[in-house]
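Keep in mind that the numbers below use all heavy atoms, side chains included, and drop hydrogens, waters and symmetry copies.
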Amino acid sequence: MSESPAGAWNDRMPWVPGNRWDLLAHREPEPVRVSVIVTHYDQPVELARTLLALAAQDYPADLLEVVVADDGSPDEPVVPAGVRLVRQDDRGFRAAAARNLGVGAATGEVLCFLDADTTPERDYVRKMVRLPTLLPEAVTVGRRRHADLSEVPLDAPIAEVAPARELDEPAWLRDAYARSGNLLDADDRSYRYVISAVLACSRRFFVESGGFDESFSSYGGEDWEWAHRAWQAGAVFAHVPDAVAWHDGPDWAGRESGDHRRAGNEQTLRLASMIPVDGSSARGLLPTAPDLEVRLPAGVGIAAAFVCVDSLLVAFPRARVVTDAARESAALDGDPRVSAENGDDVRVVLELRVPVVVLDPEPLVRAIAVLSGASVGTVELVSPEGATLGHAISRRALRRRRRWDTGDGHRFLTVTVNGMHAVGPEPHVEAWVGGWGGADRFA
């Protein structure tokens, strides 16, 4: 599913600053048409249980449609009248493509994703879609609990029978929701707590963000990759703990075996090349896509560009630095992190007003790190001498700025960065490479 251009969101678009979904905590929307996409592969019993539970939802029945997206099961699934079935060929674990296929057949304003072996309680849909109905940027994740349902009648009310057969809930996920206030305090790494088995968002936002990456053809990772892109596009993450769906069996991550460890490693390695944020990408290797791009002003001399670029790469070893001086200096164009052309979409862009030297990386690193959170979108950088050196803006803020006419919903922060100074046209390059002298050597 390709990404659609942003824009035209302001016809009835409410918005919240940062990730403040709590500002809408007491609002109830008028119900809209909801499509539940049930991803399935060769689980007829579990699918039947989930479809019965969806038929019993307390959401208005005339506004609720169910689409079963089958990932090439050996036998065609049996679905009741009124449930739409779409299928694709079996070419590996292609849950991402199946979900996109289901969305293509759906007609709802809000999309609610479930796995076939994850049975919702009666109020699940209503609680999951409340925020995406009010706020098209909202991405909600429900609570997936676990139980052994092997001997439970298919039509038994799940909320009554499952608790007595409950299995362990993943502690890492439960603890993450508790620490973050149900994702109110989300940041660039919170994509890890968004699970496609219990996920809802507006159709509008799903299409704009490009849908799931259909190149995933083995278990796991496709939901995290989409959630990362969604966050960077301005999603508002919220965990809805009382929207409960019961997974039949233990959590996959809790099954410790060589095969599971191997599959987990494959997932982590793939995502490391796709999600260039600290804690997700490699710690030393250059990422496929840089996390930060620093852009120097045009016309900077070679000596000033050399000191500026070299000092920035000490502070941010995996960044990309853009300067037209790269065309003229062998000392610059031999490094793959230095370019004369702006790159593709990156998480943070630092636009320098003047060339700088970074004598102490830590204050600058801390200033840029603020953009990993949800509230600050732009940081203006000021030298200890009071000169404005440039500003850094997050992709999240840029995307929101494109989407809205009212700004980007983020705070603007001005930070004095000790150890960062403007560079003159002919700084003392020998002093820089030799590591001696203070800021006066570079003025």
| said: Tell me if a side-chain donor or acceptor on Thr133 pairs with a main-chain N or O of Val129 at a distance below 3.5 Å. | reply: yes

| query | Between His228 and Tyr191, how do the two ring planes meet: parallel, tilted or perpendicular, split at 30° and 60°? | reply | perpendicular

| field | Test: Glu225 and Arg229 ion pair at under 4.0 Å | value | yes

| Distance, nearest 0.5 Å, that separates CG of Leu350 from CG of Leu389 | 9.5 Å

| query | So, the side chain of Glu208 versus the backbone of Ala233: is there a donor-acceptor pair under 3.5 Å, distance only? | reply | no

| Is a side-chain donor or acceptor of His146 paired with a backbone partner of Gly249 at a separation under 3.5 angstrom? | yes

| Donor-acceptor contact present, side-chain Trp21 to main-chain Phe237, <3.5 Å | yes

| message | Just to verify, what does Glu328 make a salt bridge (charged side-chain N to carboxylate O under 4.0 Å, His left out) with, not counting sequence neighbours? | response | none

| message | Could you check whether any side-chain N or O of Tyr193 sits under 3.5 Å from a backbone N or O of Val141, counting only pairs where one atom can act as donor and the other as acceptor? | response | no

| said: Which residues pass the side chain to side chain contact (heavy atoms under 4.5 Å, CB included) test with Asp291, not counting sequence neighbours? | reply: Pro276, Val277, Arg347

| said: Can a donor-acceptor pair be found, under 3.5 Å and without considering hydrogens, that links the side chain of Arg396 to the backbone of His410? | reply: no

| request: Give a yes or no answer on whether the side chain of Asp213 reaches the backbone of Ser215 with a donor-acceptor pair at less than 3.5 Å. | output: yes

| Got a second to check how far Asp168's CG is from Arg174's CZ, nearest 0.5 Å? | 8.5 Å

| Contacts of His428 that satisfy ring-ring contact (aromatic ring centres under 6.0 Å, His included) - sequence neighbours left out | Trp436

| If every non-hydrogen atom of Leu313 is compared with every non-hydrogen atom of Ala319, which pair is closest and at what distance? | CD2-O, 3.9 Å

| field | Set of salt bridge (charged side-chain N to carboxylate O under 4.0 Å, His left out) partners for Asp242, sequence neighbours left out | value | Lys127

| task | Salt-bridge test for Asp187 and Arg189: reply yes if a basic N is under 4.0 Å from a carboxylate O, no otherwise. | result | no

| query | Is a salt bridge present between Glu214 and Arg94, judged by a nitrogen-to-oxygen distance below 4.0 Å? | reply | no

| field | Derivation of the side chain to side chain contact (heavy atoms under 4.5 Å, CB included) call for Asn418 and Asp360 | value | CA-CA 7 Å; Asn418 293 320; Asp360 181 1; 5.9 Å; no

| Separation between CD of Glu380 and CZ of Phe412, rounded to the nearest 0.5 Å | 4.0 Å

| message | If you compare all heavy atoms of Ala116 against all heavy atoms of His40, which two are closest, and at what distance to 0.1 Å? | response | CB-CD2, 3.7 Å

| task | Evaluate the side-chain proximity of Val309 to Leu296: yes if any heavy-atom separation is below 4.5 Å, no if none is. | result | yes

| Atom pair CE/CG of Met420 and Leu312 - distance to nearest 0.5 Å | 6.5 Å

| field | Pairing of Asp223 and Arg99 as salt bridge, 4.0 angstrom limit | value | no

| Exercise: identify the closest heavy-atom pair between Arg400 and Gly409 | NH1-O, 4.0 Å

| said: Test side chain to side chain contact (heavy atoms under 4.5 Å, CB included) on Val338 and Asp333; report intermediate values, then the result. | reply: CA-CA 6 Å; Val338 184; Asp333 70 1; over 6 Å; no

| Step-by-step side chain to side chain contact (heavy atoms under 4.5 Å, CB included) determination, Val139 to Trp226 | CA-CA 11 Å; Val139 172; Trp226 177 78; 3.9 Å; yes

| field | Distance-minimising heavy-atom pair for Gly72 and Arg87 | value | C-NH2, 4.1 Å

| Backbone N/O of Arg192 and side chain of Trp224: donor-acceptor pair under 3.5 Å | yes

| field | Trace of the side chain to side chain contact (heavy atoms under 4.5 Å, CB included) decision for Val34 with Val125 | value | CA-CA 8 Å; Val34 171; Val125 170; 4.1 Å; yes

| said: Could you tell me if Thr107 and Arg33 have a donor-acceptor pair between their side chains, going purely by distance under 3.5 Å? | reply: yes

| remark: In this structure, CG of Leu371 is separated from OG1 of Thr378 (nearest 0.5 Å) by 7.5 Å

| Testing Val349, Val321, Leu352 for side-chain contact (heavy atoms from CB on, under 4.5 Å) with Arg295, which one passes? | Val349

| request: Only pairs at least two apart or in different chains count here, so list each side chain to side chain donor-acceptor pair (under 3.5 Å) that has a residue in residues 309-321. | output: Asp278-Arg318, Ser281-Arg318, Glu293-Arg320, Asp310-Trp432

| field | Ring centers of Phe206, Phe212 separated by less than 6.0 Å | value | yes

| remark: NE2 of His421 to OG of Ser383, rounded to nearest 0.5 Å, is 7.5 Å

| field | Heavy-atom side-chain contact between Val83 and Leu54 under 4.5 Å | value | no

| query | Does Arg126 come within less than 4.0 Å of Glu121, counting only side-chain N to carboxylate O? | reply | no

| field | Partner residues of Glu385 under the salt bridge (charged side-chain N to carboxylate O under 4.0 Å, His left out) criterion, sequence neighbours left out | value | none

| 4.5 Å side-chain heavy-atom contact, Ile195 and Leu173 | yes

